[in-house]
Amino acid sequence: MTVIIENDQLIATIAEEGAELISLKSKESGLEYIWQGDPEFWGRHAPVLFPFVGRLKEDRYSYQGKTYPMGQHGFARDQVFEVIEKGDEMISLSLKSSETTRKIYPFDFELVLTYKLEESAIIVGYQVINSGKEELLFSIGGHPAFNIPIEDQLSFTDYYLSFEPKVDRIQLPLEGPFVDLEHKTLGQTSVDYDLKRSLFEKDALIYETPGKTEISFKSDKSKHSVSLSYDDIPFVGIWSPYGVEAPFVCIEPWWGIADKVGSTGELINKFAINRLAPEGLFKTNYAIHVK
């Protein structure tokens with residue numbers, strides 16, 4: 001099932017499956033900003049990544065002497081969430097651990113997604129609650145895909161990628177699906193990048209993004225744009241499928257990241273894993289702004 005929230009500028013549709021934002025439309029222009037999930041290119045819209053971001057070595061991990069299977073980006077995106085609060089302009093949805101989740105992820109948790117419209121923006125909030133008696137180890141992230149071009153009369157290459165503030169950031173390369181920390185470089189995010197397919201030849205562009213960050217897709221041929229902003233999220237991935245003419249690009253804020261090259265698979269030693277004490281609360285958010 002899906003649920004709609006709206007204000008005087010935007011109308012947003014959220015699916016209970018995966019607590020996924022599947023539509024974000026401007027009331028004034030009628031423009032749709034969220035990729036509509038054509039499986040020819042990529043069948044999702046804006047999945048929630050939990051309890052892992054990216055790929056694990058051999059699609060598994062070890063914890064306290066046991067090995068567990070886990071697909072890319074975890075399982076939350078394929079679970080049905082419960083609506084726990086609903087207003088005209090906001091909605092909160094919850095996923096709790098169960099016998100099914102404990103077979104592949106041996107922790108007790110509650111994951112709450114909140115969507116709130118504020119003028120021409122939607123605020124996406126995450127809460128992770130440790131409802132167990134042991135430390136909770138997890139990663140979490142967003143994966144919103146945006147229609148590029150935003151308008152039918154424009155093309156993919158009419159847009160450019162812009163970071164604010166205009167500073168260079170650490171860039172983390174990939175070796176296959178895994179992070180190659182030994183070859184990290186200084187990415188030139190102090191300048192704008194023209195969008196072109198070759199940017200994604202080696203998969204996602206991944207940057208460290210401490211502090212306030214805003215990432216935008218803009219075009220000199222249009223007044224319409226989309227941006228994603230946040231305070232102090234460790235990583236961001238920017239991705240579009242390579243080798244096809246996919247009309248979308250993702251901006252992915254991540255609290256966690258794929259296994260690094262040379263990972264042992266031991267969860268306790270996983271790079272950039274988050275740790276939450278019993279009864280602890282992890283709370284964060286990001287915003288999508290449209291024009």
Side-chain angles (χ1 to χ4, degrees), residues 2-29 31-35 44-50 53 73 76-77 81-95 110-129 138-147 150 162-165 209-218 224-238 248-256 274 281-291:
T2 60
V3 183
I4 291 174
I5 58 174
E6 59 184 301
N7 63 7
D8 59 350
Q9 297 189 43
L10 297 173
I11 180 166
T13 305
I14 295 95
E16 292 181 20
E17 182 174 359
E20 185 175 7
L21 177 66
I22 62 173
S23 176
L24 184 64
K25 288 184 177 180
S26 164
K27 286 187 171 180
E28 179 182 1
S29 67
L31 289 172
E32 172 67 74
Y33 288 86
I34 296 294
W35 166 245
R44 299 183 186 265
H45 310 268
V48 177
L49 316 182
F50 177 88
V53 171
H73 295 321
R77 60 185 182 171
F81 283 62
E82 177 187 1
V83 177
I84 57 173
E85 186 176 359
K86 170 71 169 65
D88 292 340
E89 301 180 8
M90 66 80 60
I91 185 171
S92 291
L93 306 97
S94 168
L95 176 68
E110 181 178 8
L111 170 62
V112 178
L113 266 288
T114 298
Y115 296 92
K116 183 179 181 181
L117 296 174
E118 294 185 358
E119 298 181 342
S120 61
I122 186 166
I123 313 302
V124 183
Y126 294 132
Q127 293 184 63
V128 180
I129 301 159
F138 71 97
S139 299
I140 192 167
H143 201 312
F146 302 106
N147 285 329
I150 297 170
S162 180
F163 283 77
E164 294 291 344
T209 54
K212 289 184 178 295
T213 302
E214 183 169 7
I215 305 164
S216 305
F217 297 120
K218 300 177 180 179
H224 298 292
S225 64
V226 62
S227 62
L228 191 149
S229 67
Y230 50 80
D231 293 339
D232 206 28
I233 295 177
F235 309 102
V236 69
I238 300 168
F248 71 89
V249 186
C250 300
I251 304 175
E252 307 174 35
W254 296 337
W255 298 260
N274 298 287
L281 169 66
F282 171 92
K283 187 175 181 179
T284 189
N285 65 67
Y286 65 88
I288 297 169
H289 309 262
V290 301
K291 292 183 180 178

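Computed from a prediction, not measured in an experiment: that's the story for all the values here.
With contacts defined as side-chain heavy-atom distances shorter than 4.5 Å, the pair I233/T213 does not qualify. By the 4.5 Å heavy-atom criterion applied to side chains, V128 and N274 are not counted as neighbours. The shortest side-chain heavy-atom distance between I238 and F163 falls under the 4.5 Å cut-off. Y126 places a side-chain heavy atom less than 4.5 Å from the side chain of V48. When side chains are defined from C-beta on, F81 counts as touching L95, because their heavy atoms get closer than 4.5 Å. Looking at P253 and P144, their side chains come closer than 4.5 Å, going by heavy atoms from C-beta outward. With contacts defined as side-chain heavy-atom distances shorter than 4.5 Å, the pair H73/P47 does not qualify. Contact check for L93 versus Y115: side-chain heavy atoms found under the 4.5 Å cut-off.
Judged by distance alone, with hydrogens and angles left aside, the side-chain atoms of S29 form a donor-acceptor pair with the main-chain N or O of L31 at under 3.5 Å.
Of all the heavy atoms in G125 and N285, the pair that sits closest is CA-CB, 3.8 Å. Residue L49 comes nearest to G142 through the heavy atom pair CD1-O, 4.0 Å, listed as atom of the first residue, atom of the second, then distance. Between V112 and S92 the shortest heavy-atom distance is CG1-CB, 4.3 Å. The two residues L24 and A12 come nearest to each other via the heavy atoms CD1-CB, 3.9 Å. When all heavy atoms of V3 and E16 are compared, the closest pair comes out as CG2-OE2, 4.0 Å. Smallest separation of non-hydrogen atoms from V226 and I150: N-CD1, 4.1 Å.
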Item to complete: Go through the steps to decide whether V53 and F235 satisfy the test side chain to side chain contact (heavy atoms under 4.5 Å, CB included), and finish with yes or no.
Response: CA-CA 11 Å; V53 171; F235 309 102; over 6 Å; no
Practice prompt. Might you work through the side chain to side chain contact (heavy atoms under 4.5 Å, CB included) test for V249 and I251, ending with a clear yes or no?
Written response: CA-CA 7 Å; V249 186; I251 304 175; 5.6 Å; no
Worksheet entry | Candidate pair I34 and I22, rule side chain to side chain contact (heavy atoms under 4.5 Å, CB included), full reasoning | CA-CA 7 Å; I34 296 294; I22 62 173; 5.7 Å; no
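More than 12 heavy atoms of other residues, nucleotides or ligands lie within 6.0 Å of NZ in K86, so this atom counts as buried by the packing criterion. Heavy atoms of other residues, nucleotides or ligands lying less than 6.0 angstrom from NZ of K27 number more than 12. Under a cut-off of 6.0 angstrom, the local environment of CG in D232 is crowded, with over 12 non-hydrogen atoms contributed by other residues, nucleotides or ligands.
For the atom pair OG1 of T114 and CD1 of I14, the computed distance is 10.5 Å after rounding to the nearest 0.5 Å. With values rounded to the nearest 0.5 angstrom, D8 atom CG is found 7.5 Å from E89 atom CD. Here the CG atom belonging to N147 is positioned 7.0 Å from the CH2 atom belonging to W35, to the nearest 0.5 angstrom. In this structure, the separation between NZ on K291 and CD on Q9 is 12.0 Å, given to the nearest 0.5 Å. Taken to the nearest 0.5 Å, the CH2 atom of W254 stands 11.0 Å off from the OG atom of S139. Annotation: the span from R44 atom CZ to H143 atom NE2 amounts to 9.0 Å, rounded to 0.5 Å.
Partners of H45 according to the ring pair (Phe, Tyr, Trp, His ring centres under 6.0 Å) rule, which considers only residues two or more places apart in sequence or in another chain, do not exist here.
Between F282 and F138, the gap from one ring centroid to the other is short of 6.0 Å.
Just one of H289, E164, E214 meets the side chain to side chain donor-acceptor pair (under 3.5 Å) condition when paired with S227; it is E214.
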